[in-house]
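Only one structure is covered here, and it is reproduced in the block below.
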Amino acid sequence: MSTPVMSTRRFFAVALVVCLLVAGVASYYASSHPDGLEHVAEQTGFIDAAEDSATADSPLADYQTSGVDDPRISGGLAGVIGVVVMLVLSTGLFWLVRRREPRDDHHIDDHDVLHDSEA
């Protein structure tokens, strides 16, 4: 008995849905504690020396969506936007660097080479 094989298209569709669910729903349940660098800065007393990032005023700063008051929706929306942006960027990059088949008018196959050498 053979095992069913998932098509590539179906695999990517399922992976996209899982990524969107994790980014949009599960991200709300992430730890509210500071990350490791912030924790060390608090423990050693140099947290006050930190400066805001150059992107601190961006629409998706601090894993939130500016203009959305509900923190659950704001964080989920930021995660979904992040997934979509990365999908578009990575698809574009793969499209640019993909291998392309040679054009048919310049393609020489072995059959043509053999006939040309016999003449």
Side-chain angles (χ1 to χ4, degrees):
M1 183 161 98
S2 67
T3 59
V5 177
M6 183 183 295
S7 70
T8 304
R9 177 176 278 167
R10 183 177 176 125
F11 172 79
F12 282 117
V14 169
L16 178 62
V17 169
V18 169
C19 288
L20 290 171
L21 285 173
V22 168
V25 179
S27 63
Y28 178 74
Y29 300 102
S31 175
S32 61
H33 297 293
D35 63 18
L37 184 59
E38 286 182 28
H39 179 72
V40 170
E42 287 174 354
Q43 297 298 322
T44 57
F46 69 90
I47 189 74
D48 295 330
E51 295 180 14
D52 280 340
S53 167
T55 60
D57 294 329
S58 71
L60 300 175
D62 207 18
Y63 305 107
Q64 298 295 315
T65 307
S66 62
V68 179
D69 294 330
D70 185 336
R72 178 177 279 188
I73 294 173
S74 179
L77 187 58
V80 168
I81 291 170
V83 167
V84 171
V85 166
M86 289 309 302
L87 175 67
V88 169
L89 290 175
S90 61
T91 301
L93 179 64
F94 285 127
W95 182 79
L96 285 173
V97 299
R98 74 186 187 280
R99 288 187 180 192
R100 297 184 181 132
E101 294 295 321
R103 292 179 39 189
D104 288 338
D105 57 344
H106 297 297
H107 182 70
I108 300 174
D109 61 8
D110 292 336
H111 181 34
D112 292 337
V113 172
L114 289 176
H115 285 288
D116 289 343
S117 65
E118 292 174 0

Please walk me through it: do Val83 and Leu16 pass side chain to side chain contact (heavy atoms under 4.5 Å, CB included)? CA-CA 9 Å; Val83 167; Leu16 178 62; 4.2 Å; yes
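With hydrophobic clusters built from ILVMFWY side chains whose heavy atoms lie under 4.5 angstrom apart, Met6 shares a cluster with Phe12. Hydrophobic clustering (side-chain heavy atoms under 4.5 Å, transitive across Ile, Leu, Val, Met, Phe, Trp, Tyr) keeps Phe94 apart from Met86. Residue Val68 is grouped with residue Ile81 when hydrophobic side chains (ILVMFWY) are merged at heavy-atom distances under 4.5 angstrom, including chains of intermediate members. Residues Leu21 and Tyr63 do not share a hydrophobic cluster, clusters being chains of Ile/Leu/Val/Met/Phe/Trp/Tyr side chains in contact below 4.5 Å.
The main-chain N or O of Val88 is never found under 3.5 Å from a side-chain atom of Thr91 such that the two would form a donor-acceptor pair. A distance-only check finds a donor-acceptor pair linking the side chain of Arg98 to the backbone of Trp95 [under 3.5 Å].
Atoms CD and CG, on Gln64 and Asp70 in that order, are 9.5 Å from each other to the nearest 0.5 Å. Here the CZ-CG distance, from Arg72 to Leu77, works out to 14.5 Å after rounding to the nearest 0.5 Å. Once rounded to the nearest 0.5 Å, the distance linking OH of Tyr28 with OG of Ser74 reads 11.5 Å. Atom CG of Asp57 is separated from atom CG of Asp62 by 11.5 Å, given to the nearest 0.5 angstrom. Separating the OG1 atom in Thr65 from the CG atom in Leu60 is a distance of 5.5 Å, to the nearest 0.5 Å.
Nearest heavy atom pair, residue Gly75 against residue Ser27, reads O-OG, 4.1 Å. Ala61 and Ala56 make their closest contact through CB-O, 3.2 Å (heavy atoms, listed as atom of the first residue, atom of the second, distance).
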